[in-house]
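Read the structure below first, then the notes.
All of these numbers come straight from a predicted model, not from anything done at the bench. Just so you know, ligand 1 is whichever comes first in the structure, and atom 1 is the first atom listed for that ligand.
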Amino acid sequence: MNIDETFSRYVLRTYGRFPMIPVKGEGSYLWDDTGKKYLDFCTGIAVCSLGHCHPRLVQAITDQAQQLIHCSNLYQIPQQAELAKLITERCVKLPGKMFFSNSGAEANDGLIKLARRFGNVRVNANGEARYEVISFNKSFHGRTLGGIAATGQRKIKEGFEPLLPGFIHTPFNDSAALKAAVGEHTVAILLEPLQGEGGITSVTQDFLKTIHELKEKHDLLILFDEVQSGFGRLGDMMAWKKFAPDLEPDGISWAKTMGGGFPIGGFWVADRFIDDNTTPLFTVMGPGSHGSTYGGNPLACAAATAVLSEILEKDLPANAIRQEERIRAAIADWKFSTLKELRGHGLMLGWQLKSDAITVPEGQTPALHLVLKLMEKGLLTVPAGPDVVRWLPALNVTDEEIDQGLEIMRSTFASLEN
Ligand SMILES: *Cc1c(COP(=O)(O)O)cnc(C)c1O
């Protein structure tokens, strides 16, 4: 039985998989089982933030695995404390507390639970608990039941009804629609500072201003889903700071970049008072309110500490900014009938295609068509919606690697011209 047959016989067919078998990775490069070498700008979908098998990450995992892999959250876990301190003091730079999970969707579930508890304490004028979370069209918040309820895309939730109630979706960056949607049960606003799966769309400063005003007026929580955009990818350790450095969020979720490939996620809760300076927000999530068997175990925390320390010490957010500038300069004079624009920031970029200028085989979107062509030429990328191709390179990607990626893009766009 070949691997295709084994897959389809024994693995649930929830993914559309490319017919490629990765066997080895080093830095920005990945090799398949035929020995073909790829420049990897997919990086496990923004996960392998230091590239593949970075020596510091490998060493941290090896050292910790030889000492203690797992212990329960029933006990003290110093690696967890150290990681929480690192994230709070050197990344968020605002007082707060962490909870560790194993994935991005789980981290978002935690934020949703925080919002529900907050709404139980901060009831509305009629004395009723508030529970409604507003999130946005084209958002993506993960595949758990909480995550799909929060997600603003039909295809993600189809057939899973009844969904977790208490979610409203409005158009992203539409302040009037958002204001109109806030009701007596609204308790939080959840957003990606830069929408990833939805097609690489940044939040506007205006929209963040509206969100802040609504928070003040209606006693809401501002929750950022930075699962894809966080920890340096946009040029700052915090994605939201790219758009509103002075805004103070109440909760933030992360995963992906954080573990560099080791599964870990987490959410942060601001240390602030929720009423007349007596009750801190974190007290709504007290003992017994949430948990995870694996979440924040010694091995996962040692891995994430190594990754975040490397990002900070090497100032990789600065590399993200510099590479974006180099990319934008390099393509300034590109004139391809199929390329509409380059979207996004830092090393979370989306090549938006002019869909009607591309003829694609039946069953393929323009984005998928281009991703397949690039793969043939040895460049791994990811679709984001039907007409955007994402670049999510490692944060330590070099000038030469970016130039190599640009040359493959250029020649591929050229080959699409009739
Ligand atoms: C990937 C992603 C998630 C889900 O993360 P998982 O680790 O797959 O559960 C949630 N939100 C955003 C913005 C994402 O990009």
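Within a 6.0 Å sphere centred on NZ of K138, heavy atoms belonging to other residues, nucleotides or ligands number 12 at most. When the shell of 6.0 Å around CD of Q67 is examined, it contains 12 or fewer heavy atoms from other residues, nucleotides or ligands.
Remark: side-chain polar atoms of H218 are not paired, donor with acceptor, to backbone N or O of L220 under 3.5 angstrom. Distance alone, capped at 3.5 Å, is enough to place a donor-acceptor pair between the Q195 side chain and the N137 backbone.
Residue contacts with ligand 1, taken as heavy atom pairs separated by less than 4.0 Å, do not involve I45 at all.
Under a 4.0 angstrom heavy-atom cut-off, Q195 registers as lying outside contact with ligand 1.
Residue G142 approaches ligand 1 through these ligand atoms, each under 4.0 Å from one of its heavy atoms: 4 (C), 10 (C). Listed by number with element, the atoms of ligand 1 under 4.0 angstrom from any heavy atom of E192 are 13 (C). Atoms of ligand 1 found under 4.0 Å from any heavy atom of G104 (numbered from 1 in listed order, with element): 5 (O), 6 (P), 7 (O), 9 (O). Listed by number with element, the atoms of ligand 1 under 4.0 angstrom from any heavy atom of S103 are 7 (O), 9 (O).
The protein reaches atom 6 (P) of ligand 1 closely, with a heavy atom under 4.0 angstrom from it.
Regarding atom 9 (O) of ligand 1, its nearest protein heavy-atom neighbour is A105 N, 2.8 Å. Remark: minimum distance from atom 11 (N) of ligand 1 to any protein heavy atom is reached at D225 OD2, 2.8 Å.
Ring to ring, F224 and F243 are not that close: their centroids are 6.0 angstrom or more apart.
A donor-acceptor pair shorter than 3.5 Å can be found between the side chains of H169 and S135.
When the heavy atoms of K256, E197, Q228 are ranked by distance to atom 1 (C) of ligand 1, first place goes to K256.
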